[in-house]
Protein chains: 2
Amino acid sequence: MPPVKTRPVDKFDRRRDELAESALLTLGEMGYARASLREIAGNSPFSHGVVHYYFQDKLELVIYSVRYYKARCVTRYDAVVRDSTTPDELIDAFAAKLAETIRDEAPMHRLWYDLRTQSMFEDGLRDAITEIDAALEAMIWRVITRYAELAGLSPSVTSPAAYGMLDGLFQQALLAWTTTGEPVLDALTTQVRTVLPLLAR
Amino acid sequence: MPPVKTRPVDKFDRRRDELAESALLTLGEMGYARASLREIAGNSPFSHGVVHYYFQDKLELVIYSVRYYKARCVTRYDAVVRDSTTPDELIDAFAAKLAETIRDEAPMHRLWYDLRTQSMFEDGLRDAITEIDAALEAMIWRVITRYAELAGLSPSVTSPAAYGMLDGLFQQALLAWTTTGEPVLDALTTQVRTVLPLLAR
DNA sequence: AAGTTTTCTTGACAACTGTCAAGAACGGGC
DNA sequence: GCCCGTTCTTGACAGTTGTCAAGAAAACTT
């Protein structure tokens, strides 16, 4: 029974985070299906058996890991929303951040899409994925409403629709990035500059 | 050496199609990673060993199968494009077809998204996926340009952008469909009615 | 009807998977 | 020093995987 209350409670949690960080490396490189626990542990300071000391099974590790990552993610554009003072400034900053995160964190993003897709096949993933997806939608909606506000307009689409469309563009860019590389990021930037104004009237 | 030229050339191809059809059943139900060749063969009139008589390996079977399915797919909206005489008629027919295919072929669609995502991890899938994706984009573009034409307008976004956005909405609806069921299709229909007019001006 | 080629099944292979139990190593309190 | 709970490693388990070879069955040719 690992999670006893003796000693610092977070010592245990800190190891979980450490495991999660290693797991994300491997998961982002190989994807959910091909990333075995031995491979994950191999890219960590620990041996493969330790996983079951800190997590009940592989699924719990994966869910914990993606939650651990996405927790930092959902505030990615908050500074942009806060600091922009004109519609165009917001668009440019938003588009730049989108491109930046594809460049810097592509493995994490493709892992996210992998897990989200797997959740259509595997029930155990569904709840966590649904929850994170809702947080991402809210994150995008903050950008949209702020844009509309700065432009003196109001959104022309619902929150889910705005998220769906922008997520589609982002995913498309991510896909192209893994094959084509850098140039697609300019295309993404251009697309966002064209599309965002359509989402408020 | 199976593919010899003796006898009807298509006898061989016909079996491949039959295998593909069975494979699609299992792949659509379990996803790419969890659908084993034994399971695939189990849902077919054949035994597991026959796969390697008609295909070099699992990847070739999967690629052949998804190509086999998508070949029928990329013309799905052509009748809509051809027969619609007003912008609103086109939108309604298009939205209805989108909802219909989610209802009727959800397993095939989630398989498609599964494979497209896996192509970011597995090089062997990349080429086939890229090719199919381009065909899907072209299919959507025919809808968009026809809509603009009927409305006496011209598209306000590029072909990739239009595909990315609509694909995002579709994927979102598919995801919600597997958890929520029927009601999400109305939402999709509404979204398309809102969004399509934004794509021409 | 016999022979030949195509088609399919069976059974095996090596590798890999998640899981778990037994015990070693480590840590701090006496 | 010793003890005891926590932490980690090692090695094994049962099951699954893609692949392939040997040969049975079927189809076709002559």
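Throughout, protein chains are lettered first and strands after them, A, B, ... in sequence-line order, and every chain is numbered starting at 1. Since the model is a prediction, treat every value here as computed from it, not as a measurement.
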Under 4.0 Å from OP1 or OP2 of C/dC16: is there any side-chain N or O of A/Ser36 that close?
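For A/Ser36, the contact criterion (side-chain N or O under 4.0 Å from OP1 or OP2 of C/dC16) is not met.
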Exercise for the section: Check whether any side-chain N or O of A/Arg15 sits under 4.0 Å from OP1 or OP2 of D/dC8, and answer yes or no. Expected result: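 Yes.
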Nearest whole Å is fine: how far is [N] [atom2] from [X] [atom1]?
X       : N      : atom1 : atom2 : result
A/Leu19 : D/dC8  : CG    : C1'   : 11 Å
A/Asp57 : C/dT17 : CG    : P     : 16 Å
B/Lys58 : D/dC20 : NZ    : P     : 15 Å
A/Arg16 : D/dC8  : CZ    : P     : 13 Å
B/Arg14 : C/dC8  : CZ    : P     : 12 Å
A/Asp13 : D/dT7  : CG    : P     : 11 Å
A/Leu59 : C/dT19 : CG    : P     : 9 Å
B/Arg34 : C/dT17 : CZ    : P     : 16 Å

So A/Phe170 and A/Tyr113, would you call those rings parallel, tilted or perpendicular, with 30° and 60° as cut-offs?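 Aromatic pair A/Phe170/A/Tyr113 classed tilted.
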Q) Between B/Tyr54 and B/Phe12, how do the two ring planes meet: parallel, tilted or perpendicular, split at 30° and 60°? A)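 Rings of B/Tyr54 and B/Phe12: tilted, 30 to 60°.
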Side chain of [X] (C-beta onward), nearest among [options]:
X       : options               : value
B/His48 : C/dG11, C/dT19, D/dT7 : C/dG11
A/His52 : C/dC20, D/dT19, C/dT7 : C/dC20
B/Tyr53 : C/dT6, C/dT9, D/dT19  : C/dT6
B/Lys11 : C/dG18, D/dT19, C/dT7 : C/dT7
B/Arg38 : C/dT9, D/dT7, D/dT19  : D/dT19

field: Qualifying residue, where the test is side chain to side chain contact (heavy atoms under 4.5 Å, CB included) with B/Leu19 and the options are B/Phe55, B/Tyr68, B/Tyr64
entry: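 With B/Leu19 as partner, side chain to side chain contact (heavy atoms under 4.5 Å, CB included) holds for just one option, B/Phe55.
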Is there a side-chain contact between B/Leu136 and B/Arg116 in this structure, where contact means two heavy atoms from C-beta onward sitting under 4.5 Å apart?
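Answer no - side chains too far apart.
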| Is there side-chain contact between B/Val80 and B/Val143, with heavy atoms separated by less than 4.5 Å? |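 Counting from C-beta outward, B/Val80 and B/Val143 never come under 4.5 Å.
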